[in-house]
Amino acid sequence: MTAEEKDRLYIASTYSRFPLRLVRGEGRTVYDAEGKCYLDLASGIGVNIFGYGDKEWTAAVTGQLGALQHASNLYYTDPCIALAEALVLRTGMKKVFFCNSGAEANECAIKAARKWGEEHKGEGYYNIVTLKGGFHGRTLAALAATGQEEYHKDFLPLTPGFITADPEDADGLENALAENKCAAVMLETVQGEGGVIPLSEGYLRAAADIARRHDVLLIVDEVQTGMGRTGAFYSYMRFGLQPDIVTSAKGLGGGLPIGAVLFGGRTADVLTPGTHGSTFGGNPVVTAGALNIVSRLTPEFLAEVSRKGEKLASALTGAKGVKAVTGRGLMLGILAEKPAGEVISALREEGVLVIKAKDKVRLLPPLNITDDEIDFAVRAIKKVCAQ
Ligand SMILES: Cc1ncc(COP(=O)(O)O)c(C=O)c1O
């Protein structure tokens, strides 16, 4: 049997995979089982932000692996404390809860918001307003928070307590909060899975203001947009927003599974002993790697992410066969004249890996992509879109 046949036989059929078996990576390049190399503009869906085989991150991970691979949260361990401190110092948030994925981070945020609503606003104040087109994960509450019906069907009834508002409609948000007993508003600043759609600065500021006026929490899902992806450490920071809860995952681990929930002043002490937990959350190996990642997202590095994002976006905007380029920083969506699936397959032939987000081709390259690699990518994308 081929590997593909065995995969189909033994692995639950939740994924439609690209016809590629990847075996190793170096820098921004991955190699398939036949030895063909590809420039990776997807980085494992926004995870490998320093590419493959990054020496510093690997040393941080393997060093910790040799010392203590796991301890559980029954004990203190240094890497997770150091990572929490680094995240708090970097953001001004107050406390961190560690888990293992974006969906789990959002589940924790939802639990904390419900508890806060009950304690601070009263009985029945558990509703959370989320946005149409948003994506917050595949677990049941995160799924209910996800404002896209296509993910809901087959899994009804949805977890109650979620109200969907239209993005960019401040009045709609205001009405949803006025008409329901709410605990929070939850949103992404760029709807990634929803089609790389950036919410406008005006709307984001208005949403934060409306949440504050209605005395509900603002939860920002930074799972895809965080860790420098848009050119800011967390994307909300470029707008001066002050969320009450921030969820983080993907790039934070640099290639190992991690989720983090950051709590601000109003929510820091909501979760109390016994109210939440995770066996692996804050695992020493994963957090040692994440600490290395966080320490390297310096202002200079982030400025480079912005510059490279603008370079990529401006090179593709108006190119033949490209209808629009959306996104922020190195989180970009290309709406091509031909279907996204065709562009993705043709780019693979050209040695470039990209992924899809709705009708767009999505680019989430490693943040340390070089200018030469950007030039190579632009040539390939222009060629394929123009054909
Ligand atoms: C904004 C956002 N939130 C949550 C998730 C879920 O993260 P995970 O797949 O790590 O559970 C994703 C995944 O794409 C995401 O983009």
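For reference, positions follow the sequence shown, starting with 1.
At a threshold of 4.5 Å between non-hydrogen side-chain atoms, the residues Tyr125 and His120 do not count as touching. In this structure, the side chains of Val322 and Thr317 stay at 4.5 Å or more apart for every pair of heavy atoms. No side-chain heavy atom of Glu118 sits under 4.5 Å from any side-chain heavy atom of Tyr126. Between Leu256 and Val61 there is a side-chain heavy-atom pair separated by less than 4.5 Å. Looking only at side-chain heavy atoms (C-beta outward), Val354 and Ile334 stay at 4.5 Å or farther from each other. With a 4.5 Å cut-off on side-chain heavy atoms, Ile344 and Ile355 do not count as touching. Between Ile197 and Pro167, the closest side-chain pair of non-hydrogen atoms is not below 4.5 Å. Arg28 places none of its side-chain heavy atoms less than 4.5 Å from the side chain of Pro365.
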Walk me through whether Tyr236 and Leu204 qualify under side-chain contact (heavy atoms from CB on, under 4.5 Å).
CA-CA 9 Å; Tyr236 74 81; Leu204 288 169; over 6 Å; no

Let me see the working for Ile110 and Phe162 under side-chain contact (heavy atoms from CB on, under 4.5 Å), right down to the final yes or no.
CA-CA 10 Å; Ile110 291 162; Phe162 295 90; 3.8 Å; yes

Passes side-chain contact (heavy atoms from CB on, under 4.5 Å), Ile245 versus Met186? Steps please.
CA-CA 9 Å; Ile245 301 179; Met186 180 172 179; over 6 Å; no

Criterion ring-ring contact (aromatic ring centres under 6.0 Å, His included) on Phe301 and Phe50, from CA distance to verdict
CA-CA 11 Å; Phe301 183 86; Phe50 284 95; 5.2 Å; yes

Apply side-chain contact (heavy atoms from CB on, under 4.5 Å) to Val190 and Gln224, showing your working.
CA-CA 8 Å; Val190 181; Gln224 196 161 146; over 6 Å; no

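Side-chain polar atoms of Glu188 and His136 form no donor-acceptor pair below 3.5 angstrom. For the residue pair Gln148 and Lys358, a side-chain donor N or O sits within less than 3.5 Å of a side-chain acceptor on the partner. Between the side chains of Thr225 and Glu222, at least one donor N or O sits under 3.5 Å from an acceptor N or O. Judged purely by distance below 3.5 Å, without hydrogens or angles, the side chains of Thr267 and Asp244 never pair a donor atom with an acceptor atom. A donor-acceptor contact under 3.5 angstrom links the side chains of Thr189 and Ser235, judged on distance only.
Note that CG of Leu332 is 9.0 Å distant from CD1 of Ile381, once rounded to the nearest 0.5 Å. A distance of 12.0 Å separates CD1 in Ile128 from CG in Leu187, rounded to the nearest 0.5 Å. The structure places CG of Leu9 at 13.0 Å from CD of Glu4, a figure rounded to the nearest 0.5 Å. Taken from CZ in Arg212 to CG in Asp209, the straight-line distance is 9.5 Å, to the nearest 0.5 Å. With rounding to the nearest 0.5 angstrom, the CZ atom of Phe233 is 14.5 Å from the CZ atom of Arg238. In this structure, Thr230 OG1 and Leu367 CG are separated by 9.5 Å, a value rounded to the nearest 0.5 Å.
With Glu174 contributing its side chain and Ile210 its backbone, the two residues share no donor-acceptor pair below 3.5 Å. Side chain of Lys250 to backbone of Gly226: no donor-acceptor contact under 3.5 angstrom is found. Put simply, the side chain of Trp116 never gets that close to the backbone of Val216: no donor and acceptor are under 3.5 Å apart. Counting only distance, with no hydrogens or angles, the side chain of Arg21 and the backbone of Asp32 share no donor-acceptor pair below 3.5 Å. A donor-acceptor pair is defined here as one N or O able to donate and one able to accept, closer than 3.5 Å; no such pair exists between the side chain of Asn106 and the backbone of Asp221.
Salt-bridge check for Arg379 with Glu350: failed, with every basic side-chain N at 4.0 Å or more from each acidic carboxylate O. Remark: Glu373 does not engage Lys308 in a salt bridge, criterion side-chain N to carboxylate O under 4.0 Å. A salt bridge links Arg266 to Asp215: one of the charged nitrogens lies within less than 4.0 Å of a carboxylate oxygen. Ion pair Glu123/Lys181 not flagged as a salt bridge, since none of the NZ, NE, NH1 or NH2 atoms sits closer than 4.0 Å to an Asp/Glu carboxylate oxygen. Between Glu304 and Arg307, at least one side-chain nitrogen of the basic residue sits less than 4.0 Å from a carboxylate oxygen of the acidic one, meeting the salt-bridge criterion. The residues Asp359 and Lys323 are annotated as not salt-bridged, no charged nitrogen and carboxylate oxygen being separated by less than 4.0 angstrom.
Between Gly333 and Val196, the shortest heavy-atom contact is N-CG1, 3.5 Å. Pro366 and Leu330 make their closest contact through O-CD1, 4.3 Å (heavy atoms, listed as atom of the first residue, atom of the second, distance). The shortest non-hydrogen separation linking Tyr52 to Ser43 is OH-CA, 4.4 Å. Nearest heavy atoms, Thr287 versus Gly282: OG1-O, 3.5 Å. The minimum heavy-atom distance between Leu217 and Ala113, with the atom names listed, is CD1-CA, 3.9 Å. Scanning both residues, Asp166 and Tyr203, for their nearest heavy atoms gives O-OH, 4.1 Å.
Other residues, nucleotides and ligands place no more than 12 heavy atoms under 6.0 Å from the CG atom of Asp78. The 12-atom threshold is not exceeded at CD1 of Ile45, counting heavy atoms of other residues, nucleotides or ligands nearer than 6.0 Å. At most 12 heavy atoms of other shown residues, nucleotides or ligands fall within 6.0 angstrom of atom NZ in Lys132. Glu179 CD: more than 12 foreign heavy atoms inside a 6.0 Å radius.
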Could you pull out all donor-acceptor pairs under 3.5 Å where a side-chain atom in residues 89-105 meets a protein atom, sequence neighbours excluded?
residue, atom, partner, partner atom, Å
Arg90, NH1, Leu297, O, 2.9
Arg90, NH2, Leu297, O, 2.5
Thr91, OG1, Leu87, O, 2.7
Thr91, OG1, Met93, N, 3.1
Lys95, NZ, Asp269, OD1, 2.8
Asn100, ND2, Glu104, OE1, 3.1
Asn100, ND2, Glu104, OE2, 3.4
Asn100, ND2, Ser278, OG, 3.1
Ser101, OG, Glu104, N, 3.2
Ser101, OG, Glu104, OE2, 3.4

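With hydrophobic clusters built from ILVMFWY side chains whose heavy atoms lie under 4.5 angstrom apart, Tyr38 does not share a cluster with Ile374. Under a hydrophobic clustering in which Ile, Leu, Val, Met, Phe, Trp and Tyr are joined whenever their side-chain heavy atoms come within less than 4.5 Å, directly or via other members, Ile49 and Leu83 fall into the same cluster. Each of Phe239 and Ile219 belongs to its own hydrophobic cluster when Ile, Leu, Val, Met, Phe, Trp and Tyr are linked at side-chain heavy-atom distances under 4.5 angstrom. Under a hydrophobic-cluster definition in which Ile, Leu, Val, Met, Phe, Trp and Tyr are linked whenever side-chain heavy atoms come within less than 4.5 Å, directly or via other members, Met227 and Val88 are assigned to the same cluster. The hydrophobic clustering, which links ILVMFWY residues whose side-chain heavy atoms are closer than 4.5 Å, places Ile293 and Ile81 apart.
In this structure, the ring-ring contact (aromatic ring centres under 6.0 Å, His included) partners of Phe280, at least two apart in sequence or on a different chain, are His70.
Tested against Leu312, the residues Ile369, Leu363, Leu41 include a single side chain to side chain contact (heavy atoms under 4.5 Å, CB included) partner, Leu363.
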